[in-house]
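Notes follow once the structure below has been shown.
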Amino acid sequence: MKPLLLRFFVFSAALAAVPCFALSLATSVPAGKRYGLVIHGGAGVIERAAMSPEREAEYRTALNQALQAGYAVLDQGGSALEAVTAAINLMEDNPLFNAGKGAVFNADGICELDASVMDGRTQAAGAVAALHHIKNPINLARDVMLKSEHVMLVGDGAEKFAQSLGYQLVPNAYFQTDWRREQLKKAQEQEKEKAGKKTAALPAAPVDYFTRTLRWGTVGCVALDRAGNLAAGTSTGGMTNKKYGRVGDAPIIGAGTYANNATCAVSATGWGEFFIRVGVARDIAAQMEYRGTPLRAAAAATIAKVAQLGGDGGVIALDAQGDIAMEFNSPGMYRAFRFSDRPAVIAIYGDEAKN
């Protein structure tokens, strides 16, 4: 009798546990939970007086297309990581932005691309830098995260890894545009002029309009999916006339990209040297983690640190409750967001929506 009685109690206990297990599965994606995403297409000297109505319309259309592509993934139950990739793919394919097609030229007249992604659920991350032949660098960054044991791959090694996965390399000419070539020409003319004047020291920050626009156009996305998971991604062509294999903050986890479900997801754009020194993306998350600072206040405090060092740019950030921050210390930032309980908002200038 004792063995039978024991089996009865074991069976009863197991049976009693089933409804709880089923309930946990059913509530893993809470009904009505907010989901959505924020994107950026670069921050900088973006002023109404210098923007034609036609060009402004092109940017707003491009931002909306990327936004809707990412949102559609989330709306259909896709992951935050998938939404980030989908949104950034469209911006990498659009020559208006400094990422993928339309990337700026380095000093050797070549487009050199960087990207990174991070999954807030697992804190897995992937990054690539100094690519010359990968059509969509954000996809390769994702595959470094998912299909390798590493976090960052660079240059020829990264492209060998891509080929091992079946990627087709594209000629560097695919990324090149006349507009970016003209930017390189002007940048190098300015460089020669400065060298001719034998300037004793470089200024703390460039001040003229043209020079200040050479760094901008980086694209990024942060997303929150139906399951409450965050992800972030950033992609860029870097800085016009960059030399010596220069890499900015975009592919550096903790500087240009960061995601953690416990705090927030961040994608940055701006003068990379300063964003690296501050560790911008991680700094925002750290304030939330260690001090309990609200997202927007943390983002504002971090961008203030960048400004104190002489840098400029901005961030988009998103937490697990769906609160957003779009903070920048430049005249404008190409940006947009959409959530399940809010219509799409697209903004460019500093006097437009920041949250």
Side-chain angles (χ1 to χ4, degrees), residues 40-47 98-99 104 106-107 114 116 118 127 129 152 187 190-191 194 199-220 222 232 234-259 263-291 293-317 325-335 350 354:
H40 73 75
V45 184
I46 305 167
E47 301 165 336
N98 174 20
V104 300
N106 68 9
D114 311 325
S116 63
M118 189 164 183
M152 177 179 281
Q190 286 189 345
E191 187 176 55
K194 287 181 180 179
T199 306
L202 292 174
V207 293
D208 63 281
Y209 177 85
F210 177 77
T211 303
R212 290 185 68 193
T213 63
L214 297 180
R215 299 184 302 277
W216 314 121
T218 293
V219 306
V222 292
T234 311
S235 183
T236 190
M239 182 186 295
T240 299
N241 199 34
K242 62 184 178 180
K243 301 177 179 65
Y244 319 119
R246 179 264 186 188
V247 174
D249 64 302
I252 298 178
I253 301 302
T257 302
Y258 187 77
T263 52
C264 61
V266 181
S267 174
T269 173
W271 196 344
E273 279 69 15
F274 293 93
F275 280 62
I276 293 170
R277 289 161 63 186
V278 172
V280 162
R282 174 58 184 156
D283 189 69
I284 294 170
Q287 291 179 65
M288 297 177 69
E289 181 177 355
Y290 301 136
R291 292 182 177 176
T293 307
L295 177 68
R296 294 175 198 170
T302 297
I303 293 301
K305 293 178 185 179
V306 173
Q308 287 171 0
L309 293 179
D312 47 7
V315 296
I316 55 172
M326 300 187 293
E327 189 69 29
F328 50 95
N329 67 349
S330 51
M333 180 168 75
Y334 299 109
R335 60 200 187 276
K354 285 193 174 183

One pair to check against side chain to side chain contact (heavy atoms under 4.5 Å, CB included): R282 and V266. What are the steps and the verdict?
CA-CA 8 Å; R282 174 58 184 156; V266 181; over 6 Å; no
Between CD1 of I252 and CZ of F275, what distance do you get to the nearest 0.5 Å?
12.5 Å
Closest non-hydrogen contact found for L309 with F274 is O-CE2, 2.9 Å
Taking the side chain from T234 and the backbone from G256, do they hold a donor-acceptor pair closer than 3.5 Å?
yes
Rounded distance [0.5 Å steps], OG1 in T257 versus CG in D249
8.0 Å
I need the minimum non-hydrogen distance between S267 and V219, along with the two atoms involved.
OG-O, 4.4 Å
When rounded to the nearest 0.5 Å, the distance separating CG of N98 from OG1 of T218 is 5.5 Å
Show the nearest heavy-atom pair for residues A187 and T240, with the distance to one decimal.
CB-CG2, 4.0 Å
If every non-hydrogen atom of A255 is compared with every non-hydrogen atom of I276, which pair is closest and at what distance?
CB-CA, 4.0 Å
Contact summary for E327 and A300, nearest pair of heavy atoms
CG-CA, 3.7 Å
Can you name the one residue among M239, R246, K242 that meets side chain to side chain contact (heavy atoms under 4.5 Å, CB included) with N106?
K242
Return the CZ to OG1 distance between R335 and T269, rounded to the nearest 0.5 Å.
12.0 Å
Residues two or more places apart in sequence or in another chain: which of them pass ring pair (Phe, Tyr, Trp, His ring centres under 6.0 Å) with F328?
none
Residues in side chain to side chain contact (heavy atoms under 4.5 Å, CB included) contact with A259, at least two apart in sequence or another chain
M118, A232, A265
Residue pair T302 / V315, side-chain heavy-atom distance below 4.5 Å
no
Which atom names give the shortest non-hydrogen contact between A298 and I284, and what distance separates them?
CB-O, 3.7 Å
Would you find a donor on one side and an acceptor on the other, under 3.5 Å apart, between the side chain of D114 and the backbone of A127?
no
From I303 CD1 over to D312 CG, what is the distance, rounded to the nearest 0.5 angstrom?
9.5 Å
Is the closest side-chain heavy-atom distance between M152 and I253 below 4.5 Å?
no
To the nearest 0.5 Å, what is the distance between CD1 on I316 and NE2 on H40?
4.5 Å
